[in-house]
Amino acid sequence: MSAFVHALVADRADRDDVLQDVAVAVVEAYGSYDPSRPFLPWALGIARHAAADSLRRRRRQPLSLAPEATEAFASAVAEVADAERARLVHLNGCMQELDGRAREACELRYRAGLRPARVAEALGIQPNTASKVLQRVREQLRECIERRMRAEARA
Amino acid sequence: MTRSFDELIHAVIDGEATDAERAEVSRQVAADPAQARAFARLALMYVGKRGSTASPSIPWSRHAPTSPRRSRTGSGCRVPSARMSQTTPVRSHASTRPSGSGAAPTSSWNVPPTESVTKGAGGTALAAAAKA
């Protein structure tokens, strides 16, 4: 849920406030939840409206995606969440496999949460170079996770 | 410079996309379920990994019994589901928190990252970044 909200709220300073509002909205709406239906799609449906309302009320920039895309994103999150949970199990190990500048860039970007420009600054490299390093990191992580998933399936 | 769709997704998630880039991602996500899934995967993997600076105090997990919650022990393992409805902050010990994370105690499922921060070549830059 937090990933869903964070992906849709551009200004990171607003993300936690919006997430808080979404949490309240989901809890308040819980009486209308039908337990025979999957929880996540229902909650995400509440969340996308609550997040948009929250930003509007705070007079902030609207959600990063247009309404139709937000709906498609919510459906996709509900669809892939379980599989991604399994993939996330391997993420830490794969991050440990990175070495040198790739690992440092990854730590700065995804653990410290620095934006690419700040990663470049911290590493003393050009922003374009940092973007390429991060792109390569993502590819390496994806390949590593796929490899581990395949190995796990064989075991 | 033209960005790949993967880069565009990251730019949107990072809040760094231009209006035109957001519109392009919106168009593709709305039109193509495969692109919507790609967006969802990256959001779950990278946004979820990053965590939040101030997690909500409302116990989401009470209403989402199948959702994961990472422990704060630094091992990255999951805690038993029986603990997921816990509403009081998980005990935090300085010895189990990474020195550079700035992690604060939280009762939410969305706990800040707990893994150790790499030292060595990147230690200085990361430490400086963490203070910023």
Side-chain angles (χ1 to χ4, degrees), chain A residues 1-4 6-7 9-12 15-16 19-20 23-24 26-27 30 33 39-40 43 64-66 68-73 75-77 79-81 84-85 87-88 91-92 95 100-101 103-105 107-108 110-116 118-119 122-124 128 131 134-135 138 141, chain B residues 1 4 6-7 10 12-17 22-23 25-31 33 35-58 60 63-68 76 100-101 108-110 113 115 117-118 121-122 125-126 128-130 132:
Chain A
M1 183 65 77
S2 62
F4 177 75
H6 282 212
V9 178
D11 189 337
R12 65 179 55 195
R15 287 172 172 168
D16 291 316
L19 187 57
Q20 193 78 262
V24 170
V26 171
V27 171
Y30 190 65
Y33 169 58
F39 176 81
L40 189 56
S64 296
L65 297 180
E68 318 81 61
T70 302
E71 189 176 351
F73 174 44
S75 299
V77 167
E79 189 180 336
V80 305
E84 287 309 297
R85 221 168 270 147
R87 290 164 61 87
L88 275 172
L91 184 57
N92 284 335
M95 286 174 79
R101 195 166 62 174
R103 182 165 170 174
E104 189 174 2
E107 297 278 356
L108 289 166
Y110 297 113
R111 287 205 205 281
L114 297 193
R115 294 190 171 194
R118 292 284 318 278
V119 172
L123 294 178
N128 278 354
S131 292
L134 288 169
Q135 177 71 20
R138 292 194 290 268
L141 290 176
Chain B
M1 183 178 69
S4 67
D6 181 73
E7 290 173 310
H10 277 273
V12 169
I13 289 172
D14 290 339
E16 294 182 331
R22 277 197 297 273
V25 171
S26 285
R27 190 187 65 74
Q28 293 203 40
V29 166
Q35 301 290 42
R37 285 193 293 273
F39 190 95
R41 286 194 187 99
L42 283 173
L44 290 170
M45 182 160 288
Y46 295 113
V47 180
K49 186 70 195 165
R50 200 161 58 218
S52 163
T53 54
S55 303
S57 56
I58 292 172
W60 290 89
H63 302 292
T66 59
S67 299
S101 74
S108 158
W109 72 19
N110 183 30
E115 297 78 6
V117 172
T118 305
L126 187 57

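Sequence lines set the chain letters: A, B, ... in the order given, protein chains first and strands last, and positions in each chain run from 1. Since this is a predicted model, take the numbers as computed values, not measurements.
The shortest non-hydrogen separation linking B:Ala43 to A:Ala3 is O-CB, 3.6 Å. Heavy-atom minimum distance, B:Val29 versus A:Ala69: CG1-O, 3.5 Å. Pairing each heavy atom of A:Leu88 with each of B:Leu44, the nearest pair is CD1-O, 4.2 Å. Between A:Leu65 and B:Ser26, the closest heavy-atom pair is CA-OG, 3.3 Å.
When heavy atoms are compared at a cutoff of 4.5 Å, A:Arg138 approaches chain B by way of both its backbone and its side chain. Neither the backbone nor the side chain of A:Leu134 comes within contact range of chain B; no heavy atoms are under 4.5 Å apart. In this structure, chain B has a heavy atom under 4.5 Å from the side chain of A:Gln135, while its backbone stays farther away.
Side-chain contact between B:Glu16 and A:Pro116 is present, with at least one heavy-atom pair separated by less than 4.5 Å.
A:Ala76 meets the side chain to side chain contact (heavy atoms under 4.5 Å, CB included) test with B:Ala36, B:Arg37, B:Ala40; sequence neighbours excluded.
In this structure, CD on A:Glu79 lies 8.0 Å from CZ on B:Arg41, to the nearest 0.5 angstrom.
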